[in-house]
Amino acid sequence: MKTARIKLIISMIIFGTLAPFVRNVSVSSGELALYRALMAILLIGTYLFLTKQKTDFGKIKKELPLLIISGAAMGINWILLFEAYKYTTVSIATLSYYFAPVIVTVLCPILFREKLGLKQIICFVMSTLGIVLITGISTGGSSDFTGILFGLGAAMFYATVMILNKYIKNTEGLSRTIWQFAGAIVVLLPYVLLTDGISLCSVDLFGFSNLIIVGVVHTGVAYVLYFSSLKDLPGQKTAILSYIDPLVAVFISVTILGEAMTFTQIAGGALILGFTMYNELSGNRK
């Protein structure tokens, strides 16, 4: 379990450092998301081949539509998140994006007839208050607000992925992810060709290096570490350790990128992360 915990922590730290590298790649958000999905499929596919992990295509065939749809939602989620990084600070974009678990909490009682208890209602209200605090006091004017909207849009599509994954029961781990990346490509490729087109040739060496890091490290390596750790860790521990990602992102935003946060925004971020984390805790454990 210790090795699995280390793998998960490393993957979360990698995910948390994504934004600065994304900003250094001078292509459209859709094109960057496309390259990320392509490189991830190559790397994860190679890993599955080398580790001789077999996939039951009979089971996947039944769930293929859901895998493709959830992958499409993942691709749109990436585009919106990358756009959020362009318009506002990494901290605010990340905190807006982490409203996704709150959205899932509200939708699950409707879709899965799960009971919405007092705890979940409190978490929803307080997390929503956090978004209001971040949105209501923005330091970057209309640009900042646009970034928040993109972040919330990304959260909605990530929540869609999380909900669709509840219906996917027979395809697990990296096998699920590689098919979802394929679904993302199905949507991203025509989107890129019909909008900004391919502009990879115009990227300089520095930008290309950052692109490779995003595809190889932040997608391929991070997802392999993440999913290879899940089978050895209880769900609650995984959920709690996942909050390393936004904390690292906020730390980098403030200390390395020098992006300011007001006290009100810090309070809003604390409400979002604190109450979504509290929602992950079971009633009989601290």
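Since this is a predicted model, take the numbers as computed values, not measurements.
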Hydrophobic cluster identity match, Leu64 and Val187, side-chain contacts under 4.5 Å: no
Met162 side chain near Leu107 side chain, heavy-atom distance below 4.5 Å: no
Leu42 with Ile212, same ILVMFWY side-chain cluster at under 4.5 Å: no
Ring-face cation contact, Tyr278 with Lys119, 6.0 Å cut, 45° max: yes
Sole candidate of Ile266, Val254, Leu257 that passes side-chain contact (heavy atoms from CB on, under 4.5 Å) when paired with Ser91: Val254
Heavy atoms of other groups near Phe99 CZ, more than 12 under 6.0 Å: yes
Spacing of Leu8 atom CG and Met12 atom CE [to the nearest 0.5 Å]: 5.0 Å
Under 3.5 Å donor-acceptor, Gln120 side chain and Thr105 backbone: no
Distance-minimising heavy-atom pair for Gly151 and Ala84: N-CB, 3.7 Å
side-chain contact (heavy atoms from CB on, under 4.5 Å) evaluation trace for Thr88 with Thr146: CA-CA 8 Å; Thr88 188; Thr146 301; over 6 Å; no
Any Leu273 side-chain heavy atom under 4.5 Å of Pro246 side chain: yes
Side chain proximity check, Asp196 to Val192, heavy atoms < 4.5 angstrom: no
Sidechain-backbone polar pair: Glu31 side chain, Leu200 backbone, donor-acceptor under 3.5 Å: yes
Polar side-chain atom of Glu259 near backbone of Val90 as donor-acceptor pair, under 3.5 Å: yes
Output field: ring centroids Tyr223/Phe15 closer than 6.0 Å: yes
Nearest-0.5 Å distance that lies between atom CG in Leu67 and atom CE in Met74: 10.0 Å
Donor-acceptor contact present, side-chain Thr89 to main-chain Ile92, <3.5 Å: yes
Closest non-hydrogen atom pair, Ala33 against Ile79: CB-CG1, 4.1 Å
Heavy-atom check, side chain of Tyr98 versus side chain of Val102, under 4.5 Å: no
Cluster link Val186 to Leu188, ILVMFWY, side chain under 4.5 Å: no
Steps toward side-chain contact (heavy atoms from CB on, under 4.5 Å) verdict (Val214, Met39): CA-CA 9 Å; Val214 168; Met39 284 188 280; 5.8 Å; no
Asn210 side-chain N/O to Phe206 backbone N/O, donor-acceptor pair under 3.5 Å: yes
In one Ile/Leu/Val/Met/Phe/Trp/Tyr side-chain cluster, 4.5 Å: Leu118, Leu129: yes
ILVMFWY network linking Val106 to Met156, side-chain heavy atoms under 4.5 angstrom: yes
Separation between CZ of Phe227 and OG of Ser11, rounded to the nearest 0.5 Å: 9.5 Å
Donor-acceptor side-chain pairing of Tyr226 and Thr177 below 3.5 angstrom: no
Closest non-hydrogen atom pair, Ala184 against Ala37: CB-CB, 4.4 Å
Approximate separation, where rounding is to 0.5 Å, of Leu133 CG and Gln265 CD: 9.5 Å
Enclosure of Lys62 NZ (heavy-atom neighbours >12, cutoff 6.0 Å): no
Residues which pass side-chain contact (heavy atoms from CB on, under 4.5 Å) with Ile76, listed by chain and number, not counting sequence neighbours: Leu80, Phe157
Passing option when Phe150 is tested against Phe82, Phe145, Tyr87 for ring pair (Phe, Tyr, Trp, His ring centres under 6.0 Å): Tyr87
NZ-CG distance between Lys166 and Leu111, expressed to the nearest 0.5 angstrom: 10.0 Å
Minimal non-hydrogen separation, Thr94 against Ala249, with atom names: OG1-CB, 3.7 Å
Main-chain N/O of Tyr85 paired with Arg23 side-chain donor or acceptor, under 3.5 Å: yes
Test of ring centre spacing under 6.0 Å for Trp78 and Phe181: yes
Ser228 (side chain) donor-acceptor with Val224 (main chain) under 3.5 angstrom: yes
Residue Phe251 excluded, over 12 heavy atoms near CZ under 6.0 Å: no
Side chain to side chain, Thr276 and Cys123, heavy atoms closer than 4.5 Å: no
Of Ile10, Thr3, Ile9, the residue whose pairing with Lys7 passes side-chain contact (heavy atoms from CB on, under 4.5 Å): Thr3
Heavy-atom side-chain proximity of Phe208 to Val25 below 4.5 angstrom: no
Rounded distance (nearest 0.5 Å) linking atom CD1 of Ile213 with atom CG of Leu18: 11.0 Å
Residues Leu66, Gln180; criterion side-chain contact (heavy atoms from CB on, under 4.5 Å); working and verdict: CA-CA 9 Å; Leu66 282 176; Gln180 288 176 325; over 6 Å; no
Exercise: identify the closest heavy-atom pair between His218 and Ile14: CD2-O, 2.8 Å
Stepwise side-chain contact (heavy atoms from CB on, under 4.5 Å) check, Ser70 with Thr160: CA-CA 7 Å; Ser70 62; Thr160 301; over 6 Å; no
Ile252 and Pro20, any side-chain heavy atoms less than 4.5 Å apart: yes
Non-hydrogen atoms of Ile148 and Ser96 that approach each other most closely: CG2-OG, 3.7 Å
Side-chain heavy atoms of Leu43 within contact of Thr219, under 4.5 Å: no
Arg36 side chain to Leu211 backbone, donor-acceptor under 3.5 Å: no
Main-chain N/O of Ser199 paired to Ser202 side chain as donor or acceptor, under 3.5 Å: yes
